[in-house]
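The structure appears right after this line, and notes come after that.
The shown structure was predicted, so the numbers you read here are calculated from the model rather than taken from an experiment. Every heavy atom of this structure was used, including side-chain atoms; hydrogens, water molecules and symmetry mates were not.
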Amino acid sequence: MTHIMPGNIWPSEMVESCMKNVGFLSFGHYQAVPGSQTRTASDVLLQSIDLAVAAEEIGIDGAYFRVHHFARQLASPWPLLAAVGARTSRIEIGTGVIDMRYENPLAMAEEAAAADLISGGRLELGISRGSPETALKGYESFGHVPPEGMSDADMARAHAGLFRAAIAGAGVADSDPRMTGRSVRLPVMPQAPGLSDRIWWGAGTRATGEWAASEGMNLMSSTLLTEDTGVPFDELQLEQIQRYRAAWEKAGWDREPRVSVSRSVIPLLDDQDRAYFGERSGDDQLGHLDGGIARFGKSYVGEPDVLAEELAKDVAVREADSLLLTVPNQLGVAYNARLLQALADHVLPAIGWSPRT
């Protein structure tokens with residue numbers, strides 16, 4: 001098996017602008033079906049913790065988890081994020097993403113701050129307006145109904161605004177003078193220093209990427225965009241990132257933004273891998289999502305040396321500073337730790353990444 005080094009693909013001056021952080025992203029599926037190693041909710045929660053520990057030992061930079069409701073997937077992220085924070089010491093811990101239509105912003109602010117403090121300030125929260133769910137208007141069952149004249153997306157953004165104000169220390173409730181001796185606006189407690197700079201917006205279009213920049217949030221771009229211009233997915237995503245960065249500069253924020261993209265990258269090491277995933281990478285796909293056309297990025301599947309070359313040519317991966325690798329979590333901790341180790345050894349060096357120590 002060929003060990004690919006950055007110089008085999010790109011000149012050294014180009015590698016310097018490549019990937020700085022690599023994390024895994026688990027959708028947290030569980031189901032009692034043949035071959036599944038995550039048959040129960042308990043299985044997927046405990047295995048998610050163990051995989052984060054294994055990823056940190058390998059040198060991977062982040063452990064991220066998807067949040068879905070009314071489905072056999074990871075849902076409430078806070079106990080999991082706190083547990084991962086308590087079991088690890090270095091790795092970033094995050095979500096990709098939390099659907100803000102379902103969230104009570106002030107309760108979320110308390111829970112997020114607590115999880116961040118347990119981890120020592122390693123929380124990186126991806127949030128968004130949400131994606132299609134199993135339940136029809138499931139957020140209404142959680143007690144969140146858009147006011148007259150407001151869409152569910154508007155409500156999600158309003159929830160996000162209140163949440164971000166709360167974690168930044170804004171007063172959100174009047175004090176009771178009988179208890180405090182004064183009338184002031186009280187912030188939620190606890191507060192987690194720096195957390196307000198570690199919020200990412202999951203943007204599905206170029207326009208929402210620009211909106212995220214105007215709001216001062218980092219950009220989290222997935223393996224699909226809910227628009228299509230006819231160009232390959234990575235080029236469309238590159239345009240989204242470039243427009244985001246231009247909007248960030250225009251807004252005049254005083255820190256450097258972070259940008260992540262997600263990819264499915266599966267190295268084929270043996271016949272078991274080939275039986276699970278086939279023989280080679282696929283192509284971009286078009287589909288319908290939320291009543292419109294969406295472009296889905298391809299899966300990278302193949303021999304490690306081939307994957308290294310393909311991934312190094314992905315223009316959006318090269319432009320972003322973080323890459324989230326989706327993992328087949330139902331195959332268990334041992335399989336996914338082996339997958340991450342193979343990527344760390346033979347694929348990720350081609351995009352300028354090296355393990356953290």
Side-chain angles (χ1 to χ4, degrees), residues 45 64-70 74-86 92-131 133 135 137-203 208 211-212 214-218 220 253:
L45 287 164
Y64 287 75
F65 305 96
R66 185 72 165 91
V67 180
H68 269 299
H69 302 284
F70 300 106
L74 292 170
S76 173
W78 309 113
L80 174 60
L81 295 172
V84 172
E92 292 179 348
I93 305 160
T95 53
V97 288
I98 296 173
D99 185 335
M100 293 303 293
R101 297 174 298 179
Y102 282 79
E103 296 297 323
N104 177 313
L106 300 188
M108 180 176 169
E110 290 183 343
E111 293 164 332
D116 190 45
L117 292 169
I118 289 170
S119 74
R122 290 181 283 130
L123 202 60
E124 301 282 341
L125 284 181
I127 63 176
S128 82
R129 56 131 347 236
S131 58
E133 294 275 355
K137 297 183 179 180
Y139 45 85
E140 294 188 357
S141 298
F142 277 51
H144 303 299
V145 180
E148 185 71 27
M150 180 181 285
S151 69
D152 62 315
D154 294 333
M155 181 178 69
R157 292 187 176 92
H159 284 181
L162 182 52
F163 164 71
R164 294 180 63 220
I167 62 172
V172 296
D174 292 327
S175 66
D176 185 342
R178 295 171 299 177
M179 297 291 292
T180 64
R182 55 181 182 155
S183 295
V184 295
R185 295 286 284 174
L186 300 174
V188 297
M189 291 292 179
Q191 288 285 307
L195 178 58
S196 58
D197 287 339
R198 289 180 269 118
I199 307 302
W200 306 61
W201 187 259
T208 53
W211 176 83
S214 71
E215 292 291 310
M217 288 184 281
N218 299 317
M220 185 172 282
W253 300 112

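- Checking side-chain atoms of Glu111 against main-chain N and O of Pro79 turns up no donor-acceptor pair under 3.5 Å.
- Checking side-chain atoms of Arg164 against main-chain N and O of Ile199 turns up no donor-acceptor pair under 3.5 Å.
- The two residues Ala114 and Pro190 make their nearest non-hydrogen contact at N-CG, 4.1 Å.
- In this structure, Ala135 and Phe70 approach most closely via the heavy-atom pair CB-CD1, 3.4 Å.
- Panel note: side chain Arg101, backbone Ser131; a donor-acceptor pair is recorded below 3.5 Å.
- Between Ser128 and Ala156, the shortest heavy-atom contact is O-CB, 4.3 Å.
- Considering CG of Asp99 and NE2 of His68, their distance stands at 8.5 Å, rounded to 0.5 Å.
- Annotation: Arg182, atom CZ; neighbour count of heavy atoms from other residues, nucleotides and ligands within 6.0 Å does not exceed 12.
- Separation of atoms NZ (Lys137) and OH (Tyr139) is listed at 5.5 Å; rounding is to 0.5 Å.
- In this structure, the side chain of Thr95 engages the main chain of Gly126 through a donor-acceptor pair within 3.5 Å.
- At distances below 3.5 Å, at least one donor-acceptor pair connects side-chain atoms of Ser175 with backbone N or O atoms of Val184.
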Could you walk me through whether Ile127 and Glu103 pass the side chain to side chain contact (heavy atoms under 4.5 Å, CB included) check?
-> CA-CA 10 Å; Ile127 63 176; Glu103 296 297 323; over 6 Å; no

Apply side chain to side chain contact (heavy atoms under 4.5 Å, CB included) to the pair Tyr64 and Met220, showing each step before the final yes or no.
-> CA-CA 12 Å; Tyr64 287 75; Met220 185 172 282; 4.1 Å; yes

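- Note on ring orientation: taking the six-membered ring where Trp is involved, the planes of Trp201 and Trp211 are perpendicular (angle over 60°, cut-offs 30° and 60°).
- With rounding to the nearest 0.5 angstrom, the CD1 atom of Ile167 is 7.5 Å from the CG atom of Leu125.
- Side-chain contact check for Phe65 versus Leu81: some heavy-atom pair is nearer than 4.5 Å.
- Glu110 places no side-chain N or O within donor-acceptor distance of the main-chain N or O of Val188, the cut-off being under 3.5 Å.
- Counting non-hydrogen atoms of neighbouring residues, nucleotides and ligands closer than 6.0 angstrom, the CE atom of Met179 reaches no more than 12 such neighbours.
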Step-by-step side chain to side chain contact (heavy atoms under 4.5 Å, CB included) determination, Leu74 to Arg66 = CA-CA 7 Å; Leu74 292 170; Arg66 185 72 165 91; over 6 Å; no

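- Of the possible donor and acceptor atoms, one in the side chain of Asp154 sits under 3.5 Å from a partner among the backbone N and O of Ser151.
- Using a 4.0 Å cut-off between charged nitrogen and carboxylate oxygen, Asp116 and Arg122 do not count as a salt-bridge pair.
- The two atoms that bring Asn218 and Asp197 nearest to each other are ND2-O, 3.3 Å, heavy atoms only.
- Summarising the geometry of Arg157 relative to Thr208, their closest heavy-atom pair is NH2-CG2, 3.6 Å, with the distance given to 0.1 Å.
- Between the CH2 atom in Trp78 and the CD1 atom in Ile98 there is a gap of 4.0 Å [rounded to 0.5 Å].
- Remark: the backbone N or O of Met100 is paired with a side-chain donor or acceptor of His159 at under 3.5 angstrom.
- The two residues Ser119 and Ile93 come nearest to each other via the heavy atoms CB-CD1, 3.9 Å.
- In terms of modelled atom types and a separation under 3.5 Å, the side chain of Gln191 and the main chain of Gly169 share a donor-acceptor contact.
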Check step by step if side chain to side chain contact (heavy atoms under 4.5 Å, CB included) holds for Val67 and Tyr102.
-> CA-CA 11 Å; Val67 180; Tyr102 282 79; over 6 Å; no

